[in-house]
Amino acid sequence: MPLTPHPAARTPAAAGARRPAPAPPRTSALALLGGTLVGLFGLLLTLVALRWGPLLSLDTALAERLHRTAVTAPAWTHRNRVLSDWVWDPWTMRAVLAAAVGLLLRRGERLLAVWVAATALLGTGLQQAVKALVGRARPVWPDPVDSASFAAFPSGHALTAMVTGALVLWLLRLRGVPARWRWAAGAVVAVSVVGVGFTRLFLGVHWASDVVGGWLLGGALVAGSVTAFHAYGARGDRPGGARRTGWRS
């Protein structure tokens with residue numbers, strides 16, 4: 001009677017072998033988005049630095065039109081100042097991220113907390129560096145309704161709102177928050193990002209291209225940061241890498 005062959009024994013190497021963890025969904029698309037935003041920001045930066053006539057004309061026409069409305073509608077101007085100086089102020093946005101970082105630290109997610117904090121700090125540093133490099137003057141009015149200091153391009157309010165909103169949405173996705181709550185948060189973020197840009201234009205302290213520049217640079221920064229975070233996590237899942245569970249360190 002023929003002998004039944006025994007199943008091949010699994011070697012320790014085979015038993016412990018693990019396939020490299022695939023990159024999170026859409027990471028490559030996110031990297032492409034980041035590169036696109038960087039390119040668009042670079043183009044806008046060049047046009048602003050060269051003082052390209054059509055761009056300056058568009059900025060001036062829009063600023064003058066909104067300023068005339070702001071001067072003749074003090075109630076609307078007051079509302080925009082409250083939104084710009086309190087609700088969507090960069091320090092309010094930073095407080096939101098500080099709360100998120102504190103919650104992550106409490107949960108033991110130190111790597112993620114540091115990553116979020118570093119991204120926010122880098123955004124502030126980039127904003128200030130580009131402002132100093134370009135040195136663009138803010139709009140000047142004989143009858144201003146608000147004031148702001150330092151250079152104009154890019155808008156710090158617009159950049160900070162974009163960075164904060166995008167990071168919060170990313171954290172909600174990482175934590176597996178139900179889609180309906182992420183959609184609600186996305187609506188709040190969209191209103192905040194667009195709204196703060198409008199307030200800066202309405203109050204006459206920025207040109208339209210300053211606001212767009214802040215959005216582009218902030219979006220590019222978060223796209224690059226998120227892509228790098230997941231790439232770093234994937235390295236830890238490869239043989240020989242430092243394995244992390246739940247993105248904790």
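Computed from heavy atoms alone, side chains included, the values below leave out hydrogens, waters and symmetry copies.
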Quick one: does Thr92's side chain have a donor or acceptor within less than 3.5 Å of a partner on Trp88's backbone? no

Just by modelled atom types, is the Ala152 backbone N or O under 3.5 Å from a matching donor or acceptor in the His206 side chain? yes

Sub-3.5 Å donor-acceptor pair from the side chain of Thr164 to the main-chain atoms of Thr160, do we have one? yes

Quick one: does any side-chain atom of Arg200 pair with a main-chain N or O of Ser155 as donor and acceptor, under 3.5 Å? no

State plainly whether the residues Asp59 and Arg136 are in salt-bridge range, i.e. N to O under 4.0 Å. yes

When clusters are formed by joining ILVMFWY residues with side-chain heavy atoms under 4.5 Å apart, either directly or through shared neighbours, do Val96 and Leu83 land in the same one? no

Apply the test side chain to side chain contact (heavy atoms under 4.5 Å, CB included) to residues Arg182 and Arg175: give CA-CA distance (whole Å), side-chain angles for both, the deciding distance (0.1 Å), then the verdict. CA-CA 11 Å; Arg182 287 191 280 114; Arg175 299 277 64 81; over 6 Å; no

Exercise: identify the closest heavy-atom pair between Val48 and Ser209: CG2-OG, 4.1 Å

For Gly165 against Val189, the heavy-atom pair lying closest together: CA-CG1, 3.6 Å

Can you name the side chain to side chain contact (heavy atoms under 4.5 Å, CB included) partners of Ala220, sequence neighbours left out? Leu37, Val38

Check this for me: Arg65, atom CZ, are more than 12 non-hydrogen atoms of other residues, nucleotides or ligands nearer than 6.0 Å? no

Is the backbone N or O of Gly204 less than 3.5 Å from a side-chain atom of Trp141, with the two atoms forming a donor-acceptor pair by type? yes

Test item: Trp91 side-chain N/O and Trp86 main-chain N/O as donor-acceptor pair under 3.5 Å: no

Just by modelled atom types, is the Leu56 backbone N or O under 3.5 Å from a matching donor or acceptor in the Thr60 side chain? yes

Closer than 3.5 angstrom, by distance alone: can the side chain of Lys131 be matched with the main-chain N or O of Phe150 as a donor-acceptor pair? no

Quick one: do Leu159 and Met93 end up in the same hydrophobic cluster if we chain Ile, Leu, Val, Met, Phe, Trp and Tyr together by side-chain heavy atoms under 4.5 Å apart? no

Aromatic Trp183 / basic Arg180 pairing, under 6.0 angstrom, 45° off normal: no

Would you find a donor on one side and an acceptor on the other, under 3.5 Å apart, between the side chain of Asp210 and the backbone of Trp207? yes

In this structure, would Val168 and Leu174 fall into the same cluster of hydrophobic residues linked by side-chain contacts under 4.5 Å? yes

Could you name each residue pair satisfying salt bridge (Lys or Arg N to Asp or Glu O under 4.0 Å) that touches residues 222-234, not counting sequence neighbours? none

Do any N or O atoms from the side chain of Ser225 and from the backbone of Val222 form a donor-acceptor pair under 3.5 angstrom? no

For the rings on Trp170 and Phe229, is their centre-to-centre separation under 6.0 Å? yes

